[in-house]
Amino acid sequence: MKVIMLGAPGAGKGTQAIKIADKYGIPHISTGDIFRYNIKNNTELGKKAKTYMDQGKLVPDELTCDLLLDRVAKDDCKNGYILDGYPRTIPQAEVLEKALNEKGDSIDFAINVNVPDDNIVNRMSGRRTCPQCGETYHIVYNAPKKEDVCDKCGSALIQRDDDKPETVQKRLAVYHEQTEPLVEYYKNKGKYKEVDGTKSMDDVFSDICAILG
Ligand code: ADP
Ligand code: ADP
Ligand code: ZN
């Protein structure tokens, strides 16, 4: 099964993708996580990606598409995968589609986690992440057992630099301009599904499972 998660930054794509990956036994692939891993390890890719990410802009397709194609060519992707944060532009979607078509393959669903802009700012300002293991929390909706400490690995939680309010506004604008057109793109392909992302995490998950079967 090959699934794409669509949605604004902070809509809950990552939260749901982790649960889906777990339930269906397929890898969760987040381009944002891959970039952050490269930044942490100070790689050439990380240095380039950081300048865009810090400004709330998209990393250019030239740096993103090959990276994604390499990742989905790995052995663990044989039975499918869930993409969280890719594609974010029409050209990115086309690159993936072409690569799959060449193998007589295609994605199964593009699921849009729909959340209005007003809720997004609240979601992002409360998001805390673990710099060590990548786990995501929310100070109100999904608080760690001990304040600012990761339940999983005990590291101190941080607020991502790009989750500061000014950058969130920029990322939302970029989303509407460059990523939202993918809704029409996948509608036209007959792959589009939508869930109400303002519901509780468990309810959103049930709605997604009903789609995936
Ligand atoms: P969020 O969880 O808020 O949706 P991500 O972790 O997916 O954010 O992405 C963080 C940042 O990484 C984005 O704002 C963008 O700069 C960069 N990024 C991630 N995926 C892509 C992509 N497919 N294309 C371009 N830039 C990306
Ligand atoms: P994305 O990957 O789309 O950027 P995340 O999964 O990181 O979004 O979620 C953004 C923030 O909102 C996190 O702090 C997360 O804990 C919280 N969150 C996710 N889903 C919900 C939900 N259904 N209700 C309330 N908060 C949520
Ligand atoms: Zn952790």
Test log, rule side chain to side chain donor-acceptor pair (under 3.5 Å), inputs Y141 and N122: CA-CA 11 Å; Y141 309 121; N122 177 23; 2.9 Å; yes
I need the minimum non-hydrogen distance between [X] and [Y], along with the two atoms involved.
| X | Y | value |
| --- | --- | --- |
| P27 | G80 | CD-O, 3.3 Å |
| A17 | M5 | CB-CG, 4.3 Å |
| C77 | I29 | SG-CD1, 3.8 Å |
| K146 | D151 | N-OD1, 4.3 Å |
| R171 | D162 | NH1-O, 2.7 Å |

I'd like to check C153 versus C130 (side-chain heavy atoms, cut-off strictly below 4.5 Å). Are they in contact? yes
Should the pair K50 and Y52 be classed as cation-pi, given the thresholds of under 6.0 Å to the six-membered ring centre and 45° from the axis? no
Can you tell me how far apart [atom1] ([X]) and [atom2] ([Y]) are? Round to the nearest 0.5 Å.
| X | Y | atom1 | atom2 | result |
| --- | --- | --- | --- | --- |
| Q159 | I139 | CD | CD1 | 8.5 Å |
| L69 | T64 | CG | OG1 | 11.0 Å |
| D66 | L45 | CG | CG | 11.0 Å |

Pair D117, H176 - check side chain to side chain donor-acceptor pair (under 3.5 Å), show working. CA-CA 10 Å; D117 286 8; H176 288 300; 2.9 Å; yes
Evaluate the side chain to side chain donor-acceptor pair (under 3.5 Å) criterion for residues Y192 and E194: first the C-alpha distance (whole Å), next the side-chain angles of each, then the deciding distance (0.1 Å), finally the verdict. CA-CA 7 Å; Y192 182 79; E194 191 173 286; 2.6 Å; yes
In plain terms, say whether K74 and D76 are close enough for a salt bridge, that is, a side-chain N and a carboxylate O under 4.0 Å apart. no
Y185 and E97: side chain to side chain donor-acceptor pair (under 3.5 Å), yes or no, with the steps? CA-CA 11 Å; Y185 180 90; E97 197 185 350; 2.3 Å; yes
